[in-house]
Amino acid sequence: MLSILVLHGPNLNLLGKREPGVYGTATLDEIDCSLKQEAARLQVAVATLQSNHEGALVDAIHAALETHQGILINAGAYTHTSVAIRDAITAVNLPTIEVHLSNIYRREAFRHHSYIAPVAVGQISGFGPDSYRLGLLALVNYLNQS
Ligand code: DQA
């Protein structure tokens, strides 16, 4: 069975109470729960991890090499700053899909650039919690075709 690592970056643990006008009211637990339902429907396994620490996300990407076939990542603010996370994705060479709850291109200019996008299979941005569900579906379809 395919196994997917879902990574959530900094401040996403506060979903539900964090800027609900931008990020909605769903909590991270609710998002993870709906991802697990979608995974069951797609007959794949998912493991989820949230961290506020760049190095912990890098470590999790390295560890994925042993266990997972693909990565779904919302790197939060690290999307716009982290060469280390981008390099980790390149290093393990696992198919990766980048997701964002908000449409980063409708927001401040500093959010328009992603270090991850050039090393990802693709990016889904702006559909709230659905971005994750659509990202998982896209990743599973991609893995099943390759
Ligand atoms: C985010 C967008 C980022 O710009 C921001 O720093 C986040 C969340 C999103 O899911 O919309 O923390 O990745």
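Only a predicted model underlies this, so the values are computations on that prediction, with no experimental measurement involved. All ligand and atom numbering here is 1-based and tracks the order in the structure.
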Hey, is OH on Tyr105 packed in by over 12 heavy atoms from elsewhere, all under 6.0 Å? yes
Examine the side chains of Thr79 and Glu98 and answer whether a donor and an acceptor come within less than 3.5 Å of each other. no
Can you name the atoms of ligand 1, numbered from 1 with element, that are less than 4.0 Å from a heavy atom of Asn74? 1 (C), 9 (C), 10 (O), 13 (O)
Tell me, please: is Tyr23 in heavy-atom contact with ligand 1, that is, under 4.0 Å? yes
What about Leu101: any of its N or O atoms under 3.5 Å from an N or O on ligand 1? yes
Take the angle between the ring planes of His100 and His80 and call it parallel below 30°, perpendicular above 60°, tilted in between. parallel
Can you check whether Ala77 has an N/O within less than 3.5 Å of an N/O in ligand 1? yes
Only pairs at least two apart or in different chains count here, so list each salt bridge (charged side-chain N to carboxylate O under 4.0 Å, His left out) that has a residue in residues 105-114. Glu108-Arg111
Atoms of ligand 1 less than 4.0 Å from Ser102 heavy atoms? 2 (C), 9 (C), 11 (O)
Looking only at distances, please establish whether an N/O atom of ligand 1 is found under 3.5 Å from an N/O atom of Thr79. no
From CD (Gln50) to CG (Leu14), nearest 0.5 Å: 8.0 Å
Which of the listed options, His8, Arg18, His100, His112, holds the heavy atom that is closest to atom 12 (O) of ligand 1? Arg18
Starting from atom 3 (C) of ligand 1, find the nearest protein heavy-atom neighbour and note its residue, name and distance. His80 NE2, 3.5 Å
Within 6.0 Å of NE2 in His53, more than 12 heavy atoms from elsewhere: no
